[in-house]
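Scroll down for the structure; my scribbles are underneath it.
Not measured: the values here are computed from a predicted model. All ligand and atom numbering here is 1-based and tracks the order in the structure. Only heavy atoms go into these numbers, but all of them, side chains included; no hydrogens, no water, no symmetry mates. Index from 1, following the sequence.
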Amino acid sequence: MKIIDILDTKNMSLSFEVFPPKKESTFESVVAATEEIAACHPAFMSVTYGAGGGTSRYTMEIAKNIKDKYNVPTLAHLTCVSSSRDMVHQKIQEMKEMGIVNVMALRGDLTPELEKTDPSTWDYKHATELVRELKEAGDFCVGAACYPEVHPDSVNQKDDLTHIKEKVEAGADFLTTQMVFDNNLFFNFMYKIREIGVTVPIIPGIMPITNANQVERAIKLSGSFMPQRFKSLVDYFGNDPDAMKQAGIAYATDQIIDLYANGITNVHVYSMNKPDVAKAIMDNLSNILGKDFNR
Ligand code: FAD
């Protein structure tokens, strides 16, 4: 099933993101965790891609396993900047053979090694090129990334918004945001992106922070703003793992409810291969999920 068809329904839904193992030795445990999350029957699940392609086989295997075994639609991520055109085309072919119809088209981060090389020698510079190639290669539903707090490589938000619009014009069917901890930043972004004429569905990304150690890494990876309300929670409960987990799940649930109440129907949860967290959030929303409140 194509993700755009899920997003077109008016029912409240959640999707979860998982990531592939970095080593063969942890493959089975990661598969088990992703299956437990799939058993909760989210609207769809996305599987990230290790830039450079090292774990690409696992991304596709996990995406195929979830969709075939649990009938949960999957979204396989694919990055391009540190890959050759041949390699990317081979991955696209493999996706077709595995029946993967939903692909998240990403540039990937620029590694220090890559930054030392001449960009004119790169096969891909931006995700737009990958979006276009996926659309030309087959009947894929293509997602792309967007950044309510502006991508760190951008000179300013106007420029970033222009490039997001280009990805949609190249064929992106929907956009998923970088994690946000303050919904107002997402609502602000929605206003600006709609104003420049981007009409595709935009899925907010929510990261439940369930242990204090995650905070630093999440900020480093995303650059996302942490509101004082959230910082207080980490300061107060961070040393008690059970309390921190409960508080982090409650905070994420509260964000999701606020998004639903303001007209967003699908929220993407960066569930980090944690079935207990995914289940707890679904339980918290058990009387909301699946319903259309505009009937
Ligand atoms: P682009 O759309 O290419 O944008 C990158 C920067 O270039 C932006 O500043 C943009 O404004 C600018 N830009 C775009 N087009 C042009 C142009 N034509 N000229 C000049 N500037 C331009 N990374 C992974 O490695 N694996 C994953 O699975 C993964 N999943 C992700 C999922 C989501 C929802 C998000 C938000 C990010 C994900 N990332 C992942 C991280 C992502 O790869 C990085 O944020 C990366 O730095 C940018 O990727 P992009 O696709 O947004 O790139």
Side-chain angles (χ1 to χ4, degrees), residues 3 15-22 44-56 58-60 62-63 74-83 88 91 95 100 102-112 114-115 119-120 122-134 142-181 185-186 189 192-193 196 198 200-207 217-224 266-273:
I3 284 165
S15 48
F16 291 122
E17 182 160 297
V18 294
F19 57 85
K22 289 200 171 63
F44 69 89
M45 283 169 68
S46 71
V47 189
T48 65
Y49 186 90
T55 59
S56 67
Y58 300 138
T59 297
M60 290 188 221
I62 292 169
T74 48
L75 171 66
H77 291 204
L78 181 63
T79 68
C80 60
V81 76
S82 45
S83 300
V88 166
K91 299 291 162 210
M95 286 184 183
I100 292 169
N102 302 296
V103 186
M104 186 76 180
L106 299 146
R107 182 192 73 175
D109 283 326
L110 304 179
T111 59
L114 194 67
E115 279 188 295
S120 69
W122 305 349
D123 279 3
Y124 295 90
K125 290 190 189 61
H126 293 291
T128 317
E129 299 157 64
L130 181 58
V131 172
R132 199 171 288 118
E133 287 188 5
L134 278 160
V142 178
C146 64
Y147 303 83
E149 297 173 60
V150 186
H151 188 279
D153 292 357
S154 293
V155 280
N156 56 43
Q157 188 167 38
K158 190 162 177 270
D159 204 55
D160 201 26
L161 289 168
T162 305
H163 296 309
I164 294 170
K165 191 174 183 189
E166 283 164 7
K167 288 198 270 202
V168 174
E169 286 166 349
D173 297 288
F174 66 92
L175 299 166
T176 306
T177 76
Q178 180 60 282
M179 60 188 81
V180 281
F181 296 96
L185 296 170
F186 171 77
F189 172 76
K192 289 180 182 163
I193 195 102
I196 61 163
V198 173
V200 296
I202 300 184
I203 310 177
I206 298 296
M207 161 85 91
R217 188 171 149 72
I219 299 179
K220 196 168 161 226
L221 275 178
S222 65
S224 301
N266 183 270
V267 178
H268 194 58
V269 179
Y270 293 108
S271 51
M272 308 287 289
N273 299 358

With atom 2 (O) of ligand 1 as the reference point, say which of Lys167, Met179, His126 has the nearest heavy atom.
Lys167
Holding to salt bridge (Lys or Arg N to Asp or Glu O under 4.0 Å), I want the full list of residues that pass it with Glu133, two or more places apart in sequence or in another chain.
Arg85
For a quick test of reading the model, state the closest non-hydrogen atom pair linking Thr177 to Gly205 and the distance between them.
OG1-N, 2.9 Å
How far apart are the closest heavy atoms of Asn156 and Asp159, and which atoms are they?
OD1-N, 2.8 Å
Relative to ligand 1, is Tyr270 under 4.0 angstrom through side chain, backbone, both or neither, heavy atoms considered?
side chain
N/O to N/O below 3.5 Å, does that happen between Tyr49 and ligand 1?
yes
Backbone or side chain, does any N or O of Asp160 fall under 3.5 Å from an N or O of ligand 1?
yes
In terms of heavy-atom contacts, Pro20 and Tyr58 come closest through CB-CB, 3.7 Å
Could you list which atoms of ligand 1 come closer than 4.0 Å to a heavy atom of Glu166?
18 (N)
Any idea which heavy atoms bring Ser224 and Met179 closest together, and the distance?
OG-O, 2.7 Å
Polar-atom distance check: Gly108 versus ligand 1, any N or O pair below 3.5 Å?
yes
Given 3.5 Å as the limit, does a donor-acceptor pair link the side chain of Asp160 with the main chain of Val150, or not?
no
For Lys158, does the NZ atom sit with more than 12 other heavy atoms under 6.0 Å from it, leaving out its own atoms?
no
Can you see which heavy atom on Val131 is nearest to which on Ala172, and at what distance?
CG1-N, 3.4 Å
If only side-chain N and O atoms count, and only distance matters, is there a donor-acceptor pair under 3.5 Å linking His126 with Glu129?
no
Scanning both residues in full, the closest heavy-atom pair of Leu175 with Ala145 reads CD2-O, 4.3 Å
Check each heavy atom of Arg107 against ligand 1 and say whether those closer than 4.0 Å belong to the side chain, the backbone, both or neither.
both
Within ligand 1, which atoms have a heavy atom of Ala145 less than 4.0 Å away?
35 (C), 36 (C), 52 (O)
Contact region, His268 to ligand 1, non-hydrogen atoms below 4.0 Å, reads neither
Which atoms from ligand 1 have a heavy atom of Ser154 less than 4.0 Å away?
8 (C), 9 (O), 10 (C), 11 (O)
Between Gln178 and Glu149, is a side-chain contact (heavy atoms from CB on, under 4.5 Å) present by the stated rule, with each step listed?
CA-CA 8 Å; Gln178 180 60 282; Glu149 297 173 60; over 6 Å; no
Compute the minimum heavy-atom distance from Tyr147 to ligand 1 and say whether it is under 4.0 Å.
yes
Test your reading of the structure: does Leu106 have an N or O sitting under 3.5 Å from an N or O of ligand 1?
no
Below 3.5 Å, N or O to N or O, backbone or side chain included: is there any such pair between Asp109 and ligand 1?
yes
So, does Met104 sit close enough to ligand 1 that a heavy atom of it is under 4.0 Å from the ligand?
yes
Looking only at heavy atoms, is any part of His163 under 4.0 Å from ligand 1, and if so is it the side chain, the backbone, or both, or is it neither?
side chain
So is there a nitrogen or oxygen of His151 less than 3.5 Å from a nitrogen or oxygen in ligand 1?
yes
Need the ligand 1 atom indices (1-based, order shown) with element for anything under 4.0 Å from a heavy-atom of Asp153.
9 (O)
Hey, can you tell me if Phe189 and Phe186 have their rings parallel, tilted or perpendicular (30° and 60° cut-offs)?
tilted
Pick out which of Thr176, Thr74, Asn102 makes a side-chain contact (heavy atoms from CB on, under 4.5 Å) with Ile3.
Asn102
Consider every N or O of His77 and every N or O of ligand 1, then say whether any pair is closer than 3.5 Å.
yes
Counting only heavy atoms closer than 4.0 Å, does ligand 1 sit against the backbone of Thr79, its side chain, both, or neither?
side chain
Using a strict cut-off of 4.0 Å, indicate which atoms of ligand 1 neighbour a heavy atom of Gln178.
36 (C)
Just which atoms of ligand 1 are under 4.0 Å from any heavy atom in Thr48?
28 (O)
